[in-house]
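Quantities reported herein were computed from a predicted structural model and do not represent experimental measurements. All values below come from the heavy atoms of this structure, side chains included, with hydrogens, waters and symmetry mates left out.
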Amino acid sequence: DTQQILKNYPIIAHRTTFEGIWFREHFGITPRIYHDTKVMAYLIDENEPSGLKYQAIRYLGVDPWSESQDWQNPDVKTMLPYNARDVSYGLRLYRERDLPFLKKNPKIARLLRYLILPAIEVFIEIICNGFHIDMVEAQKRLEHCLEQQRILNKKLNKVAGWKVNPGSPKQMSRLF
């Protein structure tokens, strides 16, 4: 069954938040994420477009394609080749561009594996379920932070010998 498959096998996709939300809404489970080619495009070069079409044309040398699709009333005959192309290009980007990059950059590989991808799974849950904030606890923590800020500002003013605005780069540079 689909839920068992999603529990046992993590997914590779281009923009896993989209895929994860879709699986969550249709099957009630957030898939485990193995790799996200859109995130990798950003990690490789944050100044370059990260869309699948751009990435596939640039790094796989494929021909440009039309994305015309009636998203409100999709036609299966048009949608299946579209989805197959997306999956194929995503897998090729993973194998041909991302894996070699990650092997050469183990720190980025660890960042992706242990921080970014697990965070995406959490974000999918938050997007689908919302995020509860304990307002009483949040107010207590805010008051604590404001009190710490007052204490530190007093110490800073004492060291400086004048009232310093720590949010002013000009005043801070004068102090230093």
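Residues L156 and M172 are in side-chain contact: their nearest non-hydrogen atoms beyond the backbone lie under 4.5 Å apart. Using a 4.5 Å heavy-atom threshold, the side chains of K158 and K154 count as separate. Using a 4.5 Å cut-off on side-chain heavy atoms (C-beta onward), N153 and K163 make no contact. In this structure the side chain of L117 never reaches within 4.5 angstrom of the side chain of E121, judged on heavy atoms. R85 is not listed as a side-chain neighbour of V62, based on a closest heavy-atom distance of 4.5 Å or more.
For R113, the CZ atom sits in a packed shell: over 12 heavy atoms of surrounding residues, nucleotides or ligands are nearer than 6.0 Å.
L60 and L99 fall into different hydrophobic clusters, defined by Ile, Leu, Val, Met, Phe, Trp and Tyr side-chain heavy atoms under 4.5 Å apart, directly or through other members. When the side chains of ILVMFWY residues are joined at heavy-atom separations under 4.5 Å, either directly or via intervening members, F18 and I127 end up in two distinct hydrophobic clusters. Residues V122 and I116 do not share a hydrophobic cluster, clusters being chains of Ile/Leu/Val/Met/Phe/Trp/Tyr side chains in contact below 4.5 Å. Under the 4.5 Å side-chain contact rule for hydrophobic residues, F23 and F123 do not share a cluster. Under the 4.5 Å side-chain heavy-atom criterion for Ile, Leu, Val, Met, Phe, Trp and Tyr, I126 and M135 are members of the same hydrophobic cluster.
Contact check on R150 versus E147 returns a salt bridge, with a Lys/Arg side-chain nitrogen under 4.0 Å from an Asp/Glu carboxylate oxygen.
The distance from atom CG of L152 to atom CG of N157, rounded to the nearest 0.5 Å, is 11.0 Å. To the nearest 0.5 Å, atom CD1 of residue I11 and atom OH of residue Y34 are 13.5 Å apart. Here Q4 contributes atom CD and T2 contributes atom OG1; the two are 10.5 Å apart, rounded to the nearest 0.5 Å. Interatomic distance, D134 CG to K140 NZ, rounded to the nearest 0.5 Å: 8.0 Å.
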Side-chain polar contacts of residues 102-109 - donor-acceptor pairs under 3.5 angstrom, sequence neighbours left out - could you list them?
{"unit_1": "N105", "atom_1": "ND2", "unit_2": "F101", "atom_2": "O", "d": "2.8"}

Which atom pairs, donor and acceptor, lie under 3.5 Å between side-chain atoms of residues 36-50 and protein residues at least two apart or in another chain?
{"unit_1": "D36", "atom_1": "OD1", "unit_2": "R15", "atom_2": "N", "d": "3.2"}
{"unit_1": "D36", "atom_1": "OD1", "unit_2": "K38", "atom_2": "N", "d": "2.8"}
{"unit_1": "D36", "atom_1": "OD1", "unit_2": "V39", "atom_2": "N", "d": "3.0"}
{"unit_1": "D36", "atom_1": "OD2", "unit_2": "T16", "atom_2": "N", "d": "2.7"}
{"unit_1": "D36", "atom_1": "OD2", "unit_2": "T16", "atom_2": "OG1", "d": "2.6"}
{"unit_1": "T37", "atom_1": "OG1", "unit_2": "H14", "atom_2": "ND1", "d": "2.6"}
{"unit_1": "K38", "atom_1": "NZ", "unit_2": "S50", "atom_2": "OG", "d": "3.0"}
{"unit_1": "D45", "atom_1": "OD1", "unit_2": "N47", "atom_2": "N", "d": "2.9"}
{"unit_1": "E48", "atom_1": "OE1", "unit_2": "Y59", "atom_2": "OH", "d": "2.7"}
{"unit_1": "E48", "atom_1": "OE2", "unit_2": "Y54", "atom_2": "OH", "d": "3.2"}
{"unit_1": "E48", "atom_1": "OE2", "unit_2": "R58", "atom_2": "NH1", "d": "2.6"}
{"unit_1": "E48", "atom_1": "OE2", "unit_2": "Y59", "atom_2": "OH", "d": "3.2"}

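Here the closest heavy-atom approach between residue P169 and residue G167 is recorded as CD-O, 3.3 Å. When all heavy atoms of I120 and T17 are compared, the pair lying nearest together is CG2-CG2, 3.7 Å. Closest heavy-atom contact between L175 and A160: CD1-CB, 3.3 Å. When all heavy atoms are compared, the tightest approach of G90 to L52 is N-CD1, 4.2 Å.
Although no hydrogens or angles enter the test, the distance criterion places no donor-acceptor pair under 3.5 Å between the side chain of Q3 and the main chain of G28.
Side-chain atoms of D75 and T78 form a donor-acceptor pair, as typed in the model, at a separation below 3.5 Å.
Contacts classified as salt bridge (Lys or Arg N to Asp or Glu O under 4.0 Å) and involving residues 21-31 (residues at least two apart or in different chains) are given here: R24-E125.
Ring geometry for W65 versus Y89: interplanar angle of 30 to 60°, hence tilted.
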